[in-house]
Amino acid sequence: MWDALWTDLDAATMAPDIDAAYGAIPDAAIGIADGRIAWIGPRAELPGAPESLAHETVSLGGAWVTPALVDCHTHLVFGGDRIGEFEKRLEGASYEEIARAGGGIKSTVAATRAASLDELVEAAIPRLEALKRGGVATVEIKSGYGLDVDTEIRMLEAAGRAAEAVGLRLRRTYLGLHALPEEYADRREAYVELICEKGLPQARAAGLVDAVDAFCETIGFTIEEVRRVFETARQLALPVRLHAEQLSDQGGAAMAAAFNALSADHLEYLDAAGVEAMAEAGTVAVLLPGAFYALGETRLPPVAALRERGVKMAVATDLNPGTSPLVSPTLAMNMACTLFGLTPEEALAGMTRNGAAALGLEDGIGTIETGKAADLAVWRISQPAEIAYWIGAAGPERLAIAGRLERMHA
């Protein structure tokens with residue numbers, strides 16, 4: 001018997017092989033066993049009487065059920081805050097001007113280095129709880145505010161402890177090439193060597209890394225520097241991702257695609273060659289409207305070109321203290337629609353199946369299909385487009401992770 005059978009629901013499965021918007025199955029039923037989806041289909045096609053199929057039957061009163069959300073790009077472990085920079089930007093300072101004046105990432109590095117493991121965990125938990133209330137079951141968390149061997153590892157350890165405390169699935173990304181630390185201001189090559197020879201191998205040996213990322217930008221790192229780290233990642237059998245083409249066109253996305261990157265993220269300045277390279281490699285485009293909004297940017301990522309070439313588009317919060325202090329996944333989806341021109345279905349796909357693909361997890365989560373994890377969100381809505389329609393909607397009524405159903409909102 002199944003552990004549970006959910007009935008009286010409409011399912012937005014987001015399965016691409018179902019020929020209906022949102023992969024929808026009206027008046028559906030979902031069987032759950034051992035934390036996985038054991039059966040999904042029209043309720044009329046259940047293989048027996050409900051009471052004979054499961055130990056528990058749950059009626060959802062006509063709610064919509066979607067896959068639980070996946071936030072595939074965050075920087076949510078950090079010390080301090082950057083509220084003062086928010087005020088400076090409102091006074092007219094640009095992100096680049098603030099960074100070159102010693103603010104930006106470097107200011108968070110100082111606060112993060114000064115924070116203990118317990119302090120980092122304590123600060124991260126409320127952010128994770130906010131994402132969970134918004135419907136997130138799987139979250140990616142990057143390092144990158146330590147910029148030394150010990151603090152980067154402490155950040156990744158904090159991510160694990162915080163995600164376990166909140167009960168979320170976690171993927172950890174090593175982002176050693178986020179900014180050049182002050183102590184290496186005149187020794188760029190030595191810092192890249194530190195990451196390749198000590199930082200990344202030690203984090204990998206400790207079992208704290210699922211992927212490797214870098215910031216390829218005029219105020220970040222060059223393609224050659226990123227390539228050196230990506231070659232190390234390849235030697236360590238780790239997939240790569242890249243912050244690419246956010247503020248200028250550095251050709252980073254095409255370079256990342258040459259490494260079969262899981263994703264290239266931001267992409268406001270992505271050119272046609274980059275789109276083509278990503279399409280050929282199957283690299284996911286992760287769109288981050290929170291940073292676009294917070295920075296007051298005007299150059300849009302080339303959504304039409306990505307769509308035309310069939311590049312998967314994910315959506316994420318980019319939760320971080322400086323350029324996207326965004327803790328609402330539903331608002332991220334709304335922004336993706338209103339700012340970037342995604343359809344509500346594309347936005348939901350961006351935080352379900354395509355978010356899973358950006359993490360290399362599409363075989364296990366992201367759609368409601370037999371055999372996948374029973375990570376499910378229960379929404380009291382009239383249709384799936386409503387999730388992106390409301391500006392900053394509260395999130396689902398209930399959330400299941402591995403089949404364990406919790407109430408999120410009344």
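Side chains are part of it too, since the values below use all heavy atoms of this structure and drop only hydrogens, waters and symmetry mates.
Between the side chain of E245 and the backbone N or O of A253, at least one donor-acceptor pair lies under 3.5 Å. No donor-acceptor pair closer than 3.5 Å links the side chain of K312 to the backbone N or O of G282. At distances below 3.5 Å, not a single donor-acceptor pair connects side-chain atoms of T283 with backbone N or O atoms of S263. Looking only at distances, a side-chain donor or acceptor of S52 sits under 3.5 Å from a matching main-chain atom of A49. With hydrogens and angles ignored, the 3.5 Å screen pairs a side-chain donor or acceptor of E152 with a backbone N or O of G144. Within the 3.5 Å criterion, the main-chain N or O of G61 finds a donor-acceptor partner in the side chain of D8. A donor-acceptor pair under 3.5 Å links the side-chain atoms of R154 to the main chain of A115, judged by distance alone. E157 places no side-chain N or O within donor-acceptor distance of the main-chain N or O of L117, the cut-off being under 3.5 Å. Although no hydrogens or angles enter the test, the distance criterion places a donor-acceptor pair under 3.5 Å between the side chain of E386 and the main chain of S382. Checking side-chain atoms of R113 against main-chain N and O of G146 turns up a donor-acceptor pair under 3.5 Å.
With V139 as the fixed residue, the side-chain contact (heavy atoms from CB on, under 4.5 Å) test singles out one of L168, L359, V70: L168. R188 pairs with exactly one of E224, E225, E193 by the salt bridge (charged side-chain N to carboxylate O under 4.0 Å, His left out) rule, that one being E225. Residue D375 is tested with R169, R36, R353, R404 for a salt bridge (charged side-chain N to carboxylate O under 4.0 Å, His left out); the sole match is R169.
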Check your understanding: Yes or no on side-chain contact (heavy atoms from CB on, under 4.5 Å) for L405 and W6, after CA distance, side-chain angles and deciding distance?
Key -> CA-CA 11 Å; L405 193 60; W6 294 7; 3.7 Å; yes
Practice item. For side chain to side chain donor-acceptor pair (under 3.5 Å), just list the numbers for T218 and Q250, CA-CA rounded to whole Å, side-chain angles, deciding distance to a tenth of an Å, and then say yes or no. Key: CA-CA 8 Å; T218 55; Q250 298 296 305; 5.4 Å; no
Exercise for review: For L60 and V65, run side-chain contact (heavy atoms from CB on, under 4.5 Å): C-alpha distance rounded to whole Å, both residues' side-chain angles, the deciding distance at 0.1 Å, then the answer.
Suggested key: CA-CA 9 Å; L60 294 180; V65 176; 3.6 Å; yes
**Study point:** side-chain contact (heavy atoms from CB on, under 4.5 Å) between R227 and I223, worked out
**Key:** CA-CA 6 Å; R227 185 180 289 114; I223 281 185; 3.4 Å; yes
Exercise for review: Evaluate the criterion side chain to side chain donor-acceptor pair (under 3.5 Å) for residue pair T343 and E345; output intermediate values, then yes/no.
Suggested key: CA-CA 5 Å; T343 68; E345 184 175 3; 5.5 Å; no
Check your understanding: Are W379 and T66 close enough, and set up right, to give a side chain to side chain donor-acceptor pair (under 3.5 Å), and what steps lead you there?
Key -> CA-CA 8 Å; W379 306 84; T66 71; 2.8 Å; yes
Check your understanding: Can you list the steps and then say if T173 with V212 is a side-chain contact (heavy atoms from CB on, under 4.5 Å)?
Key -> CA-CA 5 Å; T173 301; V212 176; 5.7 Å; no
Exercise for review: For the pair H55 and D3, evaluate side chain to side chain donor-acceptor pair (under 3.5 Å) and give the outcome as yes or no after the intermediate values.
Suggested key: CA-CA 5 Å; H55 295 291; D3 297 322; 5.0 Å; no
Practice item. Take E280 and R309 through the salt bridge (Lys or Arg N to Asp or Glu O under 4.0 Å) test and state the conclusion after the steps. Key: CA-CA 9 Å; E280 292 181 0; R309 287 297 289 117; 5.3 Å; no
For residues 231-238, dump all side-chain donor-acceptor pairs below 3.5 Å to protein atoms at least two apart in sequence or in another chain.
unit_1, atom_1, unit_2, atom_2, d
T232, OG1, R228, O, 3.3
T232, OG1, R228, NH1, 2.9

Less than 3.5 Å apart, which donor and acceptor atoms pair up between the side chains of residues 290-299 and the rest of the protein, not counting sequence neighbours?
unit_1, atom_1, unit_2, atom_2, d
R299, NE, E268, O, 3.3

Indicate every side-chain donor-acceptor pair of residues 319-328 with a distance under 3.5 Å to a residue at least two apart or in another chain.
unit_1, atom_1, unit_2, atom_2, d
N320, OD1, G322, N, 2.8
N320, OD1, T323, N, 2.7
N320, OD1, T323, OG1, 3.3
N320, OD1, S324, N, 3.4
N320, ND2, D318, O, 2.8
N320, ND2, T323, OG1, 3.1
S324, OG, T317, O, 2.7
S328, OG, T330, OG1, 3.1
S328, OG, L331, N, 3.0

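Between the OG1 atom of T112 and the CG atom of L147 there is a distance of 9.0 Å, given to the nearest 0.5 Å. One distance of note links CG of L242 with CG of D265; it measures 7.5 Å at 0.5 Å rounding. Taken from CD in E369 to OG1 in T13, the straight-line distance is 6.5 Å, to the nearest 0.5 Å. Atom NZ of K106 is separated from atom OH of Y145 by 14.0 Å, given to the nearest 0.5 angstrom. Expressed to the nearest 0.5 Å, how far CG of L287 lies from CZ of F340 amounts to 6.0 Å.
Ring pair H178/H243 is tilted by interplanar angle, where 30° to 60° counts as tilted.
R127 forms a cation-pi arrangement with F78, by the criterion of a distance under 6.0 Å to the ring centre and an angle within 45° of the ring axis.
Judged as a salt bridge (charged side-chain N to carboxylate O under 4.0 Å, His left out), and not counting sequence neighbours, the contacts of K142 are E140, D213. Taking the salt bridge (charged side-chain N to carboxylate O under 4.0 Å, His left out) definition, one finds that D17 meets it with nothing, sequence neighbours left out. Under the rule for a ring-ring contact (aromatic ring centres under 6.0 Å, His included), Y22 has no partner lying at least two apart in sequence or in another chain.
Looking only at side-chain heavy atoms (C-beta outward), P396 and V378 stay at 4.5 Å or farther from each other. In this structure, L9 and R43 have side chains that are not in contact, with every pair of non-hydrogen atoms separated by 4.5 Å or more. Contact of the L376 side chain with the P67 side chain is not registered, since no non-hydrogen atoms from C-beta on lie closer than 4.5 Å. Using a 4.5 Å heavy-atom threshold, the side chains of R398 and E406 count as separate. Put simply, the side chain of P301 does not reach to within 4.5 Å of the side chain of H266, judged on heavy atoms.
Between the side chains of T367 and E362, no donor N or O sits under 3.5 Å from an acceptor N or O. When only modelled atom types and interatomic distance are considered, D118 and S116 share no side-chain donor-acceptor pair under 3.5 Å. Inspection of the T74 and D71 side chains reveals no N or O donor paired with an N or O acceptor under 3.5 Å. Judged purely by distance below 3.5 Å, without hydrogens or angles, the side chains of R82 and T108 pair a donor atom with an acceptor atom. When only modelled atom types and interatomic distance are considered, T57 and E51 share no side-chain donor-acceptor pair under 3.5 Å.
Across A316 and P289, no two heavy atoms sit closer than the pair O-CD, 4.0 Å. What you find for R241 and F230 is that their closest heavy atoms are O-CZ, 3.1 Å.
Within 6.0 Å of atom CD in E122, 12 or fewer heavy atoms from other residues, nucleotides or ligands are found, so the atom counts as exposed in its surroundings.
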